[in-house]
Amino acid sequence: SSGINAEYGVAPCTVTGDSMLPTIASRSLVLVDKFTPPTKLKKDDVVLCHDPEEYGKYIVKRVAALPGQFVELDLDMEQGEYVAKYAFEGKMSVPSGHCWLEGDNKGKSHDSRIFGPVPLGLIQGRALCQLAPWPKNLLT
């Protein structure tokens, strides 16, 4: 798919895991726009991002907040050190040059609630559409 990527600025991506259920099921194939810069992201966009904690891995999450916006935290959910340190009365401000990413399936998502705001430079693209669920028999 390098021809698609180079010519059109889009690339297919297989999503694994349950963090984006019910929107995107594990083993689904999504088409990612790699042309639009991260500074043009909007709240609620679904993005492909370098994992901020694990080099060489990627995550797919929803943009919950952009630079300067506030995030309302569910204090009953697990929170990471960043949130524990910087949250005030269940709210946090997203710093300049960062965004706040969360999975749709909050109980199964390792996201900004754990690792904090994500630098916009780690965003690799915006999911345009889900092409299809990936057939189980093709993955071993």
Through direct or indirect side-chain contacts below 4.5 angstrom among Ile, Leu, Val, Met, Phe, Trp and Tyr, which residues connect to Tyr58?
Val15, Met20, Ile24, Val30, Val32, Val46, Leu48, Val60
Search all heavy atoms of Ala64 against all heavy atoms of Lys43 and return the closest pair with its distance.
O-CE, 3.0 Å
Between atom CE of Met77 and atom OG of Ser109, what is the distance when rounded to the nearest 0.5 Å?
8.5 Å
State whether the side chain of Asp45 and the backbone N or O of Val63 hold a donor-acceptor pair below 3.5 Å, judged by distance alone.
no
Expected output: side-chain Asp18 to main-chain Leu21 donor-acceptor under 3.5 Å
no
Interatomic distance, OG@Ser19 vs CG@Leu101, rounded to 0.5 Å, equals 10.5 Å
Side chain of Gln130, backbone of Leu31: donor and acceptor closer than 3.5 Å?
no
Please report the shortest heavy-atom distance between Lys40 and Thr36, naming the atom on each side.
CB-CG2, 3.6 Å
Lys34 vs Val10, test: side chain to side chain contact (heavy atoms under 4.5 Å, CB included). Steps then yes/no.
CA-CA 5 Å; Lys34 299 186 97 179; Val10 295; over 6 Å; no
Any sub-3.5 Å donor-acceptor pair from Ser112's side-chain atoms to Trp100's backbone N or O?
no
Short question: side chain of Arg113, backbone of Lys106 - any donor-acceptor pair under 3.5 Å?
yes
Does any N or O in the side chain of Glu72 come within less than 3.5 Å of the main-chain N or O of Phe70, such that one atom is a donor and the other an acceptor?
no
Could you walk me through whether Ser28 and Thr14 pass side chain to side chain contact (heavy atoms under 4.5 Å, CB included), step by step?
CA-CA 6 Å; Ser28 293; Thr14 302; over 6 Å; no
How about CD on Gln69, more than 12 heavy atoms from neighbouring residues, nucleotides or ligands closer than 6.0 Å, or not?
yes
Examine Phe115 and Val83 and state if one hydrophobic cluster contains both, with Ile, Leu, Val, Met, Phe, Trp and Tyr joined whenever side-chain heavy atoms are less than 4.5 Å apart.
no
Can Asp104 and Thr23 be counted as having a side-chain donor-acceptor contact under 3.5 angstrom?
yes
Any chain of hydrophobic side-chain contacts (each under 4.5 Å) joining Val71 to Tyr82?
yes
Do other residues, nucleotides or ligands put more than 12 heavy atoms under 6.0 Å from the NZ atom of Lys108?
no
Please answer whether the main-chain N or O of Gly17 pairs with a side-chain N or O of Ser26 as donor and acceptor at a distance below 3.5 Å.
yes
Which residues pass the side-chain hydrogen bond (donor to acceptor under 3.5 Å, both in side chains) test with Glu53, sequence neighbours left out?
His110
Is there a path from Val118 to Leu66 through hydrophobic residues (I, L, V, M, F, W, Y) whose side chains come within less than 4.5 Å of each other?
yes
Please report the shortest heavy-atom distance between His98 and Val94, naming the atom on each side.
O-CG1, 3.5 Å
Applying the 4.5 Å side-chain criterion to the ILVMFWY set and letting contacts propagate, would Leu73 and Tyr86 be lumped into a single cluster?
yes
Would you mind reporting whether Ile123 and Cys99 have side-chain heavy atoms less than 4.5 Å apart?
yes
Below 4.5 Å, heavy atoms only, C-beta onward: do Leu120 and Pro37 meet side chain to side chain?
no
Ignoring hydrogens and geometry, is there a side-chain-to-backbone donor-acceptor pair from Asp111 to Gly103 under 3.5 Å?
yes
